[in-house]
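In what follows, chains carry the letters A, B, and so on, assigned in the order in which the sequence lines appear, proteins first and then strands, with residues in each chain numbered from 1. The basis for the numbers below is simple: all heavy atoms, side chains too, and nothing from hydrogens, waters or symmetry mates.
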Protein chains: 2
Amino acid sequence: MAKADSNDSPQSSAQVAREVARLILTGVWREGTTLPREIELASRFDVSRASIREALSLLKAKGLIVSRQKAGTHVRSRIDWNMLDEELLNWTLSELPTQEFAQQLLEIRRIVEPEACAICAVRGSDEDFARIERAYRGMDAAGLDRLAYAEPDLQFHRGILIATGNDFLIAFGATVAAALRMSFNLSTQNPGAPRKSLPYHRAVLDAIWARNPDRARQAMIKLMDLTEQNIILALSRQRKKDAEEDNARTRRAR
Amino acid sequence: MAKADSNDSPQSSAQVAREVARLILTGVWREGTTLPREIELASRFDVSRASIREALSLLKAKGLIVSRQKAGTHVRSRIDWNMLDEELLNWTLSELPTQEFAQQLLEIRRIVEPEACAICAVRGSDEDFARIERAYRGMDAAGLDRLAYAEPDLQFHRGILIATGNDFLIAFGATVAAALRMSFNLSTQNPGAPRKSLPYHRAVLDAIWARNPDRARQAMIKLMDLTEQNIILALSRQRKKDAEEDNARTRRAR
DNA sequence: TGAAAAAATATGTCTGACATAATAACTCTT
DNA sequence: AAGAGTTATTATGTCAGACATATTTTTTCA
(Lines give C-alpha, C1' and ligand atoms only; values in the text may rest on other atoms or scores of the structure.)
Protein backbone atom coordinates (compact mmCIF):
# COMPACT_ATOMS: atom_id res chain seq x y z
CA MET A 1 0.00 0.00 0.00
CA ALA A 2 2.83 2.36 0.91
CA LYS A 3 5.13 3.73 -1.74
CA ALA A 4 7.57 0.85 -1.67
CA ASP A 5 9.43 2.68 -4.38
CA SER A 6 12.98 3.96 -4.51
CA ASN A 7 11.61 7.03 -6.26
CA ASP A 8 11.19 10.13 -4.14
CA SER A 9 8.89 12.52 -6.07
CA PRO A 10 7.00 14.15 -3.24
CA GLN A 11 5.27 16.26 -5.90
CA SER A 12 1.58 15.98 -5.37
CA SER A 13 0.82 15.98 -9.09
CA ALA A 14 3.22 13.07 -9.54
CA GLN A 15 1.55 11.19 -6.71
CA VAL A 16 -1.86 11.77 -8.22
CA ALA A 17 -0.60 10.59 -11.61
CA ARG A 18 0.72 7.43 -10.05
CA GLU A 19 -2.45 6.72 -8.15
CA VAL A 20 -4.68 7.28 -11.18
CA ALA A 21 -2.33 5.12 -13.24
CA ARG A 22 -2.67 2.42 -10.60
CA LEU A 23 -6.44 2.52 -10.79
CA ILE A 24 -6.25 2.17 -14.55
CA LEU A 25 -3.55 -0.51 -14.67
CA THR A 26 -5.26 -2.66 -12.05
CA GLY A 27 -8.50 -2.42 -13.95
CA VAL A 28 -10.53 -0.52 -11.38
CA TRP A 29 -11.11 2.00 -14.14
CA ARG A 30 -11.42 -0.18 -17.25
CA GLU A 31 -10.94 0.76 -20.88
CA GLY A 32 -13.56 3.24 -21.97
CA THR A 33 -14.43 4.29 -18.44
CA THR A 34 -15.15 7.97 -17.94
CA LEU A 35 -13.03 9.32 -15.11
CA PRO A 36 -14.61 11.47 -12.41
CA ARG A 37 -14.69 15.16 -13.25
CA GLU A 38 -11.56 17.16 -12.52
CA ILE A 39 -13.10 18.96 -9.56
CA GLU A 40 -14.19 15.63 -8.10
CA LEU A 41 -10.71 14.19 -8.51
CA ALA A 42 -9.35 17.36 -6.92
CA SER A 43 -11.51 16.95 -3.85
CA ARG A 44 -10.95 13.20 -3.70
CA PHE A 45 -7.16 13.53 -3.70
CA ASP A 46 -7.31 16.76 -1.76
CA VAL A 47 -5.23 18.74 -4.22
CA SER A 48 -6.02 21.63 -6.51
CA ARG A 49 -7.49 21.26 -9.96
CA ALA A 50 -4.21 22.49 -11.44
CA SER A 51 -2.35 19.54 -9.95
CA ILE A 52 -4.98 17.15 -11.21
CA ARG A 53 -4.61 18.60 -14.67
CA GLU A 54 -0.84 18.20 -14.60
CA ALA A 55 -1.21 14.62 -13.49
CA LEU A 56 -3.71 13.88 -16.25
CA SER A 57 -1.42 15.62 -18.73
CA LEU A 58 1.27 13.11 -17.80
CA LEU A 59 -1.06 10.18 -18.29
CA LYS A 60 -2.25 11.58 -21.61
CA ALA A 61 1.36 11.63 -22.77
CA LYS A 62 1.65 7.93 -21.98
CA GLY A 63 -1.51 7.13 -23.90
CA LEU A 64 -3.52 6.00 -20.90
CA ILE A 65 -6.27 8.57 -21.17
CA VAL A 66 -7.77 11.07 -23.57
CA SER A 67 -10.02 14.00 -22.84
CA ARG A 68 -12.34 16.24 -24.80
CA GLN A 69 -14.24 19.29 -23.73
CA LYS A 70 -17.64 18.57 -22.31
CA ALA A 71 -17.25 14.86 -23.09
CA GLY A 72 -14.93 14.18 -20.17
CA THR A 73 -11.77 12.14 -19.71
CA HIS A 74 -11.76 8.50 -20.79
CA VAL A 75 -9.48 5.55 -20.31
CA ARG A 76 -8.06 4.65 -23.71
CA SER A 77 -8.01 1.09 -24.94
CA ARG A 78 -5.02 -0.99 -23.95
CA ILE A 79 -3.55 -1.06 -27.42
CA ASP A 80 -2.94 2.66 -27.15
CA TRP A 81 -1.04 2.47 -23.88
CA ASN A 82 2.65 3.05 -24.32
CA MET A 83 3.82 0.06 -22.34
CA LEU A 84 7.40 0.63 -23.46
CA ASP A 85 7.49 3.71 -21.26
CA GLU A 86 9.78 3.32 -18.28
CA GLU A 87 7.47 4.78 -15.66
CA LEU A 88 4.52 2.75 -16.89
CA LEU A 89 6.66 -0.38 -16.75
CA ASN A 90 7.76 0.35 -13.22
CA TRP A 91 4.23 1.05 -12.08
CA THR A 92 3.02 -2.18 -13.60
CA LEU A 93 5.90 -3.98 -11.99
CA SER A 94 5.01 -2.77 -8.52
CA GLU A 95 1.23 -3.04 -8.89
CA LEU A 96 0.71 -6.12 -11.06
CA PRO A 97 3.89 -8.20 -11.21
CA THR A 98 2.09 -11.15 -12.79
CA GLN A 99 3.69 -14.15 -14.38
CA GLU A 100 2.19 -13.13 -17.70
CA PHE A 101 3.91 -9.77 -17.47
CA ALA A 102 7.21 -11.48 -16.76
CA GLN A 103 6.85 -13.79 -19.74
CA GLN A 104 5.96 -10.98 -22.11
CA LEU A 105 8.97 -9.04 -20.93
CA LEU A 106 11.19 -12.05 -21.52
CA GLU A 107 9.69 -12.61 -24.94
CA ILE A 108 10.40 -9.15 -26.24
CA ARG A 109 13.88 -9.04 -24.76
CA ARG A 110 14.59 -12.28 -26.56
CA ILE A 111 13.48 -10.73 -29.81
CA VAL A 112 15.37 -7.48 -29.49
CA GLU A 113 18.52 -7.97 -27.49
CA PRO A 114 20.25 -10.73 -29.49
CA GLU A 115 19.86 -8.72 -32.70
CA ALA A 116 20.95 -5.54 -30.97
CA CYS A 117 23.99 -7.42 -29.76
CA ALA A 118 24.85 -8.57 -33.27
CA ILE A 119 24.53 -5.00 -34.56
CA CYS A 120 26.62 -3.75 -31.67
CA ALA A 121 29.42 -6.16 -32.58
CA VAL A 122 29.49 -4.81 -36.12
CA ARG A 123 28.87 -1.15 -35.59
CA GLY A 124 30.02 -0.33 -32.05
CA SER A 125 33.10 1.79 -31.48
CA ASP A 126 36.00 0.74 -29.28
CA GLU A 127 34.89 3.34 -26.74
CA ASP A 128 31.46 1.74 -26.71
CA PHE A 129 33.05 -1.63 -26.04
CA ALA A 130 35.26 -0.19 -23.34
CA ARG A 131 32.19 1.19 -21.60
CA ILE A 132 30.52 -2.21 -21.78
CA GLU A 133 33.66 -3.82 -20.40
CA ARG A 134 33.73 -1.37 -17.50
CA ALA A 135 30.18 -2.43 -16.69
CA TYR A 136 31.27 -6.07 -16.82
CA ARG A 137 34.12 -5.35 -14.40
CA GLY A 138 31.63 -3.65 -12.10
CA MET A 139 29.49 -6.76 -12.10
CA ASP A 140 32.49 -8.91 -11.33
CA ALA A 141 33.56 -6.62 -8.51
CA ALA A 142 30.10 -6.78 -6.95
CA GLY A 143 30.59 -10.42 -6.08
CA LEU A 144 27.49 -11.83 -4.43
CA ASP A 145 26.10 -8.42 -3.48
CA ARG A 146 22.86 -8.42 -5.50
CA LEU A 147 22.30 -4.70 -5.13
CA ALA A 148 25.80 -3.73 -6.20
CA TYR A 149 25.49 -6.15 -9.13
CA ALA A 150 22.27 -4.60 -10.47
CA GLU A 151 23.58 -1.22 -11.59
CA PRO A 152 26.51 -2.41 -13.75
CA ASP A 153 24.30 -5.18 -15.09
CA LEU A 154 21.92 -2.55 -16.46
CA GLN A 155 24.84 -0.52 -17.78
CA PHE A 156 26.10 -3.60 -19.59
CA HIS A 157 22.83 -4.15 -21.43
CA ARG A 158 22.26 -0.45 -21.99
CA GLY A 159 25.80 -0.13 -23.33
CA ILE A 160 25.07 -2.70 -26.00
CA LEU A 161 21.91 -0.90 -27.06
CA ILE A 162 23.68 2.45 -27.12
CA ALA A 163 26.49 1.02 -29.22
CA THR A 164 24.03 0.14 -31.97
CA GLY A 165 23.52 3.86 -32.57
CA ASN A 166 19.85 3.17 -33.22
CA ASP A 167 17.66 5.58 -31.25
CA PHE A 168 14.82 3.08 -31.02
CA LEU A 169 17.00 0.31 -29.70
CA ILE A 170 18.40 2.81 -27.23
CA ALA A 171 14.87 3.70 -26.11
CA PHE A 172 14.31 -0.01 -25.58
CA GLY A 173 16.73 0.35 -22.68
CA ALA A 174 13.77 1.40 -20.54
CA THR A 175 12.21 -2.01 -21.07
CA VAL A 176 15.44 -3.80 -20.24
CA ALA A 177 15.74 -1.70 -17.11
CA ALA A 178 12.28 -2.79 -16.00
CA ALA A 179 13.08 -6.42 -16.74
CA LEU A 180 16.28 -6.29 -14.71
CA ARG A 181 14.43 -4.60 -11.89
CA MET A 182 11.96 -7.46 -11.94
CA SER A 183 14.78 -10.00 -11.91
CA PHE A 184 16.32 -8.19 -9.00
CA ASN A 185 13.07 -8.29 -7.05
CA LEU A 186 12.73 -11.99 -7.74
CA SER A 187 16.33 -12.78 -6.85
CA THR A 188 15.41 -12.86 -3.16
CA GLN A 189 14.10 -16.31 -4.07
CA ASN A 190 17.40 -17.26 -5.70
CA PRO A 191 20.28 -15.14 -4.35
CA GLY A 192 22.98 -16.86 -6.38
CA ALA A 193 21.30 -16.29 -9.72
CA PRO A 194 22.84 -12.93 -10.64
CA ARG A 195 26.40 -14.08 -10.12
CA LYS A 196 25.81 -17.16 -12.23
CA SER A 197 25.09 -14.97 -15.21
CA LEU A 198 28.57 -13.43 -15.10
CA PRO A 199 30.31 -15.91 -17.44
CA TYR A 200 27.47 -15.50 -19.93
CA HIS A 201 28.05 -11.77 -19.91
CA ARG A 202 31.74 -12.48 -20.42
CA ALA A 203 30.93 -14.53 -23.52
CA VAL A 204 28.89 -11.66 -24.92
CA LEU A 205 31.71 -9.21 -24.24
CA ASP A 206 34.31 -11.45 -25.91
CA ALA A 207 32.15 -11.91 -28.99
CA ILE A 208 31.67 -8.17 -29.27
CA TRP A 209 35.38 -7.44 -28.96
CA ALA A 210 35.95 -10.05 -31.66
CA ARG A 211 33.43 -8.11 -33.77
CA ASN A 212 31.71 -11.38 -34.50
CA PRO A 213 27.96 -10.67 -34.87
CA ASP A 214 26.86 -14.30 -35.04
CA ARG A 215 28.76 -15.29 -31.93
CA ALA A 216 27.49 -12.14 -30.19
CA ARG A 217 23.92 -13.02 -31.10
CA GLN A 218 24.31 -16.60 -29.87
CA ALA A 219 25.96 -15.50 -26.65
CA MET A 220 23.11 -13.11 -25.94
CA ILE A 221 20.54 -15.80 -26.70
CA LYS A 222 22.22 -18.03 -24.14
CA LEU A 223 22.14 -15.24 -21.61
CA MET A 224 18.43 -14.80 -22.30
CA ASP A 225 17.93 -18.55 -21.81
CA LEU A 226 19.61 -18.40 -18.44
CA THR A 227 17.59 -15.35 -17.43
CA GLU A 228 14.41 -17.13 -18.36
CA GLN A 229 15.32 -20.20 -16.33
CA ASN A 230 16.15 -18.08 -13.31
CA ILE A 231 12.89 -16.18 -13.52
CA ILE A 232 10.78 -19.30 -13.96
CA LEU A 233 12.52 -20.90 -11.00
CA ALA A 234 12.11 -17.80 -8.83
CA LEU A 235 8.45 -17.45 -9.79
CA SER A 236 7.68 -21.06 -8.93
CA ARG A 237 9.46 -20.73 -5.59
CA GLN A 238 7.52 -17.58 -4.86
CA ARG A 239 4.22 -19.23 -5.76
CA LYS A 240 5.11 -22.11 -3.47
CA LYS A 241 5.97 -19.74 -0.65
CA ASP A 242 2.78 -17.77 -1.20
CA ALA A 243 0.76 -20.98 -1.14
CA GLU A 244 2.38 -22.04 2.13
CA GLU A 245 1.62 -18.69 3.69
CA ASP A 246 -1.92 -19.05 2.49
CA ASN A 247 -2.19 -22.44 4.11
CA ALA A 248 -0.79 -21.09 7.35
CA ARG A 249 -3.35 -18.30 7.32
CA THR A 250 -6.15 -20.74 6.64
CA ARG A 251 -5.06 -22.98 9.53
CA ARG A 252 -4.87 -20.03 11.89
CA ALA A 253 -8.32 -18.94 10.81
CA ARG A 254 -9.84 -22.29 11.70
CA MET B 1 6.25 27.28 -39.76
CA ALA B 2 2.54 26.59 -39.97
CA LYS B 3 1.05 23.50 -38.43
CA ALA B 4 1.20 21.36 -41.58
CA ASP B 5 -0.25 18.53 -39.56
CA SER B 6 -3.39 16.46 -39.96
CA ASN B 7 -3.78 16.66 -36.20
CA ASP B 8 -6.33 19.17 -34.91
CA SER B 9 -5.48 19.91 -31.26
CA PRO B 10 -6.10 23.64 -31.14
CA GLN B 11 -5.28 23.35 -27.42
CA SER B 12 -2.67 25.95 -26.60
CA SER B 13 -0.85 23.71 -24.15
CA ALA B 14 -0.57 21.03 -26.84
CA GLN B 15 0.77 23.57 -29.29
CA VAL B 16 3.35 24.75 -26.79
CA ALA B 17 4.37 21.16 -26.08
CA ARG B 18 4.86 20.56 -29.77
CA GLU B 19 6.87 23.70 -30.28
CA VAL B 20 9.13 23.04 -27.31
CA ALA B 21 9.55 19.45 -28.50
CA ARG B 22 10.52 20.79 -31.91
CA LEU B 23 13.18 23.02 -30.40
CA ILE B 24 14.59 20.07 -28.51
CA LEU B 25 14.39 17.53 -31.33
CA THR B 26 15.99 19.87 -33.84
CA GLY B 27 18.80 20.57 -31.41
CA VAL B 28 18.14 24.26 -30.84
CA TRP B 29 17.95 23.33 -27.18
CA ARG B 30 20.60 20.64 -26.81
CA GLU B 31 20.95 17.98 -24.16
CA GLY B 32 21.65 19.54 -20.78
CA THR B 33 20.38 22.95 -21.81
CA THR B 34 18.42 24.84 -19.18
CA LEU B 35 15.11 25.98 -20.62
CA PRO B 36 13.92 29.55 -20.10
CA ARG B 37 11.98 30.06 -16.90
CA GLU B 38 8.30 29.25 -16.98
CA ILE B 39 7.23 32.89 -16.90
CA GLU B 40 9.58 33.63 -19.79
CA LEU B 41 8.17 30.75 -21.81
CA ALA B 42 4.69 32.00 -20.92
CA SER B 43 5.40 35.45 -22.30
CA ARG B 44 7.28 34.10 -25.30
CA PHE B 45 4.41 31.83 -26.37
CA ASP B 46 1.82 34.29 -25.13
CA VAL B 47 -0.01 31.79 -22.94
CA SER B 48 -0.41 31.51 -19.19
CA ARG B 49 2.06 29.79 -16.93
CA ALA B 50 -0.51 27.05 -16.28
CA SER B 51 -0.54 26.09 -19.95
CA ILE B 52 3.24 26.11 -20.03
CA ARG B 53 3.28 23.78 -17.06
CA GLU B 54 0.86 21.38 -18.70
CA ALA B 55 2.96 21.35 -21.84
CA LEU B 56 6.12 20.69 -19.87
CA SER B 57 4.32 17.98 -17.93
CA LEU B 58 3.65 16.23 -21.23
CA LEU B 59 7.28 16.47 -22.28
CA LYS B 60 8.41 15.22 -18.89
CA ALA B 61 6.27 12.14 -19.40
CA LYS B 62 8.06 11.46 -22.67
CA GLY B 63 11.45 11.77 -21.03
CA LEU B 64 12.52 14.89 -22.93
CA ILE B 65 12.95 17.13 -19.93
CA VAL B 66 13.29 17.05 -16.18
CA SER B 67 12.79 19.87 -13.71
CA ARG B 68 13.75 20.55 -10.12
CA GLN B 69 12.79 23.40 -7.89
CA LYS B 70 15.13 26.35 -8.06
CA ALA B 71 17.46 24.48 -10.45
CA GLY B 72 15.17 24.91 -13.45
CA THR B 73 14.08 22.67 -16.29
CA HIS B 74 16.70 20.81 -18.28
CA VAL B 75 16.77 18.88 -21.53
CA ARG B 76 17.53 15.26 -20.66
CA SER B 77 20.13 13.28 -22.54
CA ARG B 78 18.97 11.54 -25.69
CA ILE B 79 19.20 8.08 -24.22
CA ASP B 80 16.37 8.99 -21.87
CA TRP B 81 14.01 10.15 -24.62
CA ASN B 82 11.20 7.71 -25.23
CA MET B 83 11.56 7.56 -28.99
CA LEU B 84 9.09 4.68 -29.16
CA ASP B 85 6.34 7.13 -28.23
CA GLU B 86 3.92 7.77 -31.08
CA GLU B 87 3.74 11.54 -30.75
CA LEU B 88 7.49 11.87 -30.46
CA LEU B 89 7.88 9.75 -33.58
CA ASN B 90 5.41 11.85 -35.50
CA TRP B 91 7.04 15.07 -34.41
CA THR B 92 10.45 13.78 -35.46
CA LEU B 93 8.95 12.64 -38.73
CA SER B 94 7.62 16.08 -39.56
CA GLU B 95 10.58 18.06 -38.24
CA LEU B 96 13.60 15.94 -39.03
CA PRO B 97 12.70 13.25 -41.57
CA THR B 98 16.34 12.37 -42.18
CA GLN B 99 17.63 9.36 -44.00
CA GLU B 100 19.24 8.16 -40.79
CA PHE B 101 15.86 8.24 -39.06
CA ALA B 102 14.34 6.21 -41.89
CA GLN B 103 17.07 3.60 -41.69
CA GLN B 104 16.79 3.24 -37.95
CA LEU B 105 13.07 2.79 -38.27
CA LEU B 106 13.56 0.11 -40.90
CA GLU B 107 16.18 -1.61 -38.81
CA ILE B 108 13.99 -2.01 -35.75
CA ARG B 109 10.96 -3.04 -37.77
CA ARG B 110 13.09 -5.74 -39.34
CA ILE B 111 14.07 -6.99 -35.92
CA VAL B 112 10.61 -6.98 -34.39
CA GLU B 113 7.98 -7.62 -37.03
CA PRO B 114 9.18 -10.93 -38.48
CA GLU B 115 9.36 -12.46 -35.00
CA ALA B 116 6.01 -10.96 -34.07
CA CYS B 117 4.60 -12.49 -37.23
CA ALA B 118 5.93 -15.92 -36.31
CA ILE B 119 4.43 -15.64 -32.83
CA CYS B 120 1.15 -14.46 -34.35
CA ALA B 121 0.99 -17.56 -36.56
CA VAL B 122 1.36 -19.80 -33.54
CA ARG B 123 -0.65 -17.97 -30.95
CA GLY B 124 -3.22 -15.87 -32.82
CA SER B 125 -6.90 -16.74 -32.67
CA ASP B 126 -9.06 -17.22 -35.74
CA GLU B 127 -10.78 -13.93 -34.93
CA ASP B 128 -7.38 -12.24 -34.91
CA PHE B 129 -6.64 -13.71 -38.33
CA ALA B 130 -10.05 -12.67 -39.63
CA ARG B 131 -9.35 -9.11 -38.55
CA ILE B 132 -6.02 -9.18 -40.35
CA GLU B 133 -7.72 -10.58 -43.43
CA ARG B 134 -10.31 -7.78 -43.34
CA ALA B 135 -7.44 -5.31 -43.36
CA TYR B 136 -5.92 -7.12 -46.32
CA ARG B 137 -9.21 -6.90 -48.21
CA GLY B 138 -9.33 -3.19 -47.43
CA MET B 139 -5.89 -2.75 -48.96
CA ASP B 140 -6.96 -4.67 -52.04
CA ALA B 141 -10.13 -2.61 -52.38
CA ALA B 142 -8.13 0.64 -52.18
CA GLY B 143 -6.54 -0.07 -55.53
CA LEU B 144 -4.06 2.65 -56.43
CA ASP B 145 -5.52 5.18 -54.00
CA ARG B 146 -2.54 5.68 -51.69
CA LEU B 147 -4.56 7.39 -48.99
CA ALA B 148 -7.25 4.69 -48.87
CA TYR B 149 -4.49 2.07 -48.83
CA ALA B 150 -2.72 3.52 -45.81
CA GLU B 151 -5.33 2.85 -43.12
CA PRO B 152 -5.91 -0.87 -43.75
CA ASP B 153 -2.16 -1.29 -44.24
CA LEU B 154 -1.63 -0.07 -40.69
CA GLN B 155 -4.47 -2.27 -39.44
CA PHE B 156 -2.81 -5.25 -41.09
CA HIS B 157 0.47 -4.74 -39.28
CA ARG B 158 -1.23 -3.73 -36.04
CA GLY B 159 -3.43 -6.81 -36.27
CA ILE B 160 -0.38 -9.06 -36.34
CA LEU B 161 1.10 -7.36 -33.30
CA ILE B 162 -2.19 -7.53 -31.42
CA ALA B 163 -2.56 -11.22 -32.24
CA THR B 164 0.69 -11.97 -30.40
CA GLY B 165 -1.04 -11.03 -27.16
CA ASN B 166 2.19 -9.43 -25.99
CA ASP B 167 1.55 -5.94 -24.61
CA PHE B 168 5.01 -4.74 -25.56
CA LEU B 169 4.74 -5.91 -29.14
CA ILE B 170 1.33 -4.24 -29.25
CA ALA B 171 2.87 -0.99 -28.00
CA PHE B 172 5.38 -1.33 -30.84
CA GLY B 173 2.43 -0.59 -33.12
CA ALA B 174 3.11 3.11 -32.55
CA THR B 175 6.50 2.70 -34.20
CA VAL B 176 5.04 0.80 -37.12
CA ALA B 177 2.42 3.51 -37.51
CA ALA B 178 5.14 6.14 -37.74
CA ALA B 179 7.09 4.07 -40.25
CA LEU B 180 4.03 3.61 -42.45
CA ARG B 181 3.30 7.31 -42.22
CA MET B 182 6.81 7.98 -43.43
CA SER B 183 6.39 5.52 -46.29
CA PHE B 184 3.16 7.23 -47.19
CA ASN B 185 4.83 10.63 -47.26
CA LEU B 186 7.60 9.29 -49.46
CA SER B 187 5.23 7.47 -51.80
CA THR B 188 4.64 10.73 -53.69
CA GLN B 189 8.01 9.87 -55.26
CA ASN B 190 6.83 6.39 -56.16
CA PRO B 191 3.03 6.20 -56.40
CA GLY B 192 2.89 2.56 -57.43
CA ALA B 193 4.90 1.32 -54.47
CA PRO B 194 2.07 0.65 -52.00
CA ARG B 195 0.09 -1.49 -54.40
CA LYS B 196 3.16 -3.55 -55.24
CA SER B 197 3.36 -4.65 -51.62
CA LEU B 198 -0.07 -6.29 -51.79
CA PRO B 199 1.05 -9.80 -52.85
CA TYR B 200 3.69 -9.74 -50.10
CA HIS B 201 0.97 -9.02 -47.57
CA ARG B 202 -1.01 -11.87 -49.08
CA ALA B 203 1.90 -14.24 -48.51
CA VAL B 204 2.07 -13.18 -44.87
CA LEU B 205 -1.66 -13.73 -44.47
CA ASP B 206 -1.52 -17.19 -46.03
CA ALA B 207 1.36 -18.26 -43.82
CA ILE B 208 -0.51 -17.09 -40.75
CA TRP B 209 -3.68 -18.95 -41.68
CA ALA B 210 -1.52 -22.02 -42.22
CA ARG B 211 -0.19 -21.45 -38.70
CA ASN B 212 3.29 -21.86 -40.06
CA PRO B 213 5.62 -19.62 -38.01
CA ASP B 214 8.70 -20.10 -40.18
CA ARG B 215 6.86 -19.27 -43.38
CA ALA B 216 5.21 -16.32 -41.65
CA ARG B 217 8.58 -15.02 -40.52
CA GLN B 218 10.07 -15.40 -43.98
CA ALA B 219 7.10 -13.75 -45.65
CA MET B 220 7.39 -10.78 -43.31
CA ILE B 221 11.13 -10.52 -43.93
CA LYS B 222 10.43 -10.32 -47.66
CA LEU B 223 7.87 -7.61 -47.05
CA MET B 224 10.46 -5.72 -45.03
CA ASP B 225 12.95 -6.10 -47.89
CA LEU B 226 10.48 -4.63 -50.33
CA THR B 227 9.66 -1.78 -47.97
CA GLU B 228 13.34 -1.01 -47.61
CA GLN B 229 13.87 -0.95 -51.37
CA ASN B 230 10.92 1.36 -51.86
CA ILE B 231 12.11 3.76 -49.22
CA ILE B 232 15.66 3.85 -50.50
CA LEU B 233 14.37 4.50 -54.01
CA ALA B 234 11.99 7.22 -52.85
CA LEU B 235 14.67 8.88 -50.77
CA SER B 236 17.14 8.96 -53.66
CA ARG B 237 14.50 10.39 -55.98
CA GLN B 238 13.67 13.02 -53.43
CA ARG B 239 17.30 13.95 -52.95
CA LYS B 240 17.65 14.25 -56.72
CA LYS B 241 14.57 16.46 -56.92
CA ASP B 242 15.76 18.61 -54.05
CA ALA B 243 19.14 19.01 -55.76
CA GLU B 244 17.48 20.06 -59.00
CA GLU B 245 15.36 22.62 -57.21
CA ASP B 246 18.49 23.86 -55.55
CA ASN B 247 20.17 24.26 -58.93
CA ALA B 248 17.18 26.09 -60.29
CA ARG B 249 17.25 28.47 -57.38
CA THR B 250 20.93 29.07 -57.84
CA ARG B 251 20.50 29.82 -61.57
CA ARG B 252 17.68 32.25 -60.85
CA ALA B 253 19.80 33.95 -58.24
CA ARG B 254 22.54 34.64 -60.77
C1' DT C 1 -41.73 14.91 -36.76
C1' DG C 2 -37.53 17.21 -37.40
C1' DA C 3 -34.58 20.92 -37.74
C1' DA C 4 -32.92 25.00 -35.44
C1' DA C 5 -32.03 27.47 -31.18
C1' DA C 6 -31.00 27.61 -26.32
C1' DA C 7 -29.21 25.74 -22.08
C1' DA C 8 -26.08 22.94 -19.58
C1' DT C 9 -21.61 21.18 -18.53
C1' DA C 10 -16.81 19.39 -18.45
C1' DT C 11 -12.50 20.53 -20.09
C1' DG C 12 -9.39 24.49 -21.38
C1' DT C 13 -7.29 28.88 -20.03
C1' DC C 14 -6.06 33.02 -17.32
C1' DT C 15 -4.64 35.67 -13.23
C1' DG C 16 -2.29 36.46 -9.06
C1' DA C 17 -0.92 34.74 -4.89
C1' DC C 18 1.76 31.83 -1.67
C1' DA C 19 4.71 27.39 -0.51
C1' DT C 20 8.83 24.87 -0.99
C1' DA C 21 13.33 23.39 -1.98
C1' DA C 22 17.82 24.02 -3.84
C1' DT C 23 21.18 27.27 -4.93
C1' DA C 24 23.82 31.49 -4.14
C1' DA C 25 25.36 35.00 -1.09
C1' DC C 26 26.92 36.32 3.11
C1' DT C 27 28.23 36.12 7.49
C1' DC C 28 31.44 34.93 11.27
C1' DT C 29 34.95 32.21 13.17
C1' DT C 30 39.48 30.15 13.10
C1' DA D 1 42.10 33.84 3.75
C1' DA D 2 39.68 29.45 4.11
C1' DG D 3 35.80 27.06 5.66
C1' DA D 4 31.64 26.14 8.15
C1' DG D 5 27.15 27.79 9.22
C1' DT D 6 23.44 31.03 8.32
C1' DT D 7 20.59 33.85 5.58
C1' DA D 8 18.71 35.55 1.17
C1' DT D 9 17.26 34.46 -3.36
C1' DT D 10 14.90 32.24 -6.99
C1' DA D 11 12.53 28.88 -10.07
C1' DT D 12 9.45 25.32 -9.72
C1' DG D 13 5.29 23.55 -7.13
C1' DT D 14 0.63 24.48 -5.44
C1' DC D 15 -3.57 26.89 -4.58
C1' DA D 16 -7.96 29.63 -5.46
C1' DG D 17 -11.54 31.53 -8.24
C1' DA D 18 -12.92 33.26 -12.48
C1' DC D 19 -13.99 33.12 -17.41
C1' DA D 20 -13.66 30.79 -22.30
C1' DT D 21 -14.79 27.17 -25.35
C1' DA D 22 -16.58 23.18 -27.37
C1' DT D 23 -19.96 19.46 -27.22
C1' DT D 24 -23.89 17.37 -25.73
C1' DT D 25 -28.56 17.69 -24.23
C1' DT D 26 -32.73 19.94 -24.02
C1' DT D 27 -36.08 22.87 -25.65
C1' DT D 28 -38.56 25.37 -28.95
C1' DC D 29 -40.98 26.14 -33.03
C1' DA D 30 -42.16 25.49 -37.92
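Look at CD on A/Q11: it is 11 Å from P on D/dC15, rounded to the nearest Å. Atom CD1 of A/I39 and atom P of D/dA18 are 14 Å apart (whole Å). Rounding to whole angstrom units, CG of residue B/L35 and C1' of D/dA11 are separated by 12 Å. Regarding B/Q15, its CD atom lies at a distance of 13 Å from the C1' atom of C/dT13, rounded to whole Å.
Heavy-atom distances under 4.0 Å link DNA chain C to A/R49, A/R53, A/K60 of residues 40-66 of chain A, given in residue order. Within residues 68-78 of chain B, the residues having any heavy atom under 4.0 Å from DNA chain C are, by residue number, B/R68, B/Q69, B/K70.
Between A/R30 and A/S77, the side chains place no donor N or O within less than 3.5 Å of an acceptor N or O (distance only, hydrogens not considered). Between the side chains of B/S197 and B/Y149, at least one donor N or O sits under 3.5 Å from an acceptor N or O. Side chains of B/S187 and B/R195: a donor-acceptor N/O pair is absent below 3.5 angstrom, by distance only. Checking A/D153 against A/H201 by side-chain atom types alone, a donor-acceptor pair falls below 3.5 Å. Side chains of A/Q155 and A/E151: a donor on one and an acceptor on the other come within 3.5 Å.
Put simply, A/S13 has no side-chain N or O that comes within less than 4.0 Å of OP1 or OP2 on D/dG13. B/S12 has a side-chain polar atom (N or O) that falls below the 4.0 Å cut-off from OP1 or OP2 of C/dT13.
Just one of A/D80, A/N82, A/D85 meets the side-chain hydrogen bond (donor to acceptor under 3.5 Å, both in side chains) condition when paired with A/K62; it is A/D85.
When ring centroids are compared, A/F168 and B/F101 come within the 6.0 Å threshold.
Electrostatic pairing of A/D128 and A/R131 counts as a salt bridge here, judged by a charged N lying under 4.0 Å from a carboxylate O.
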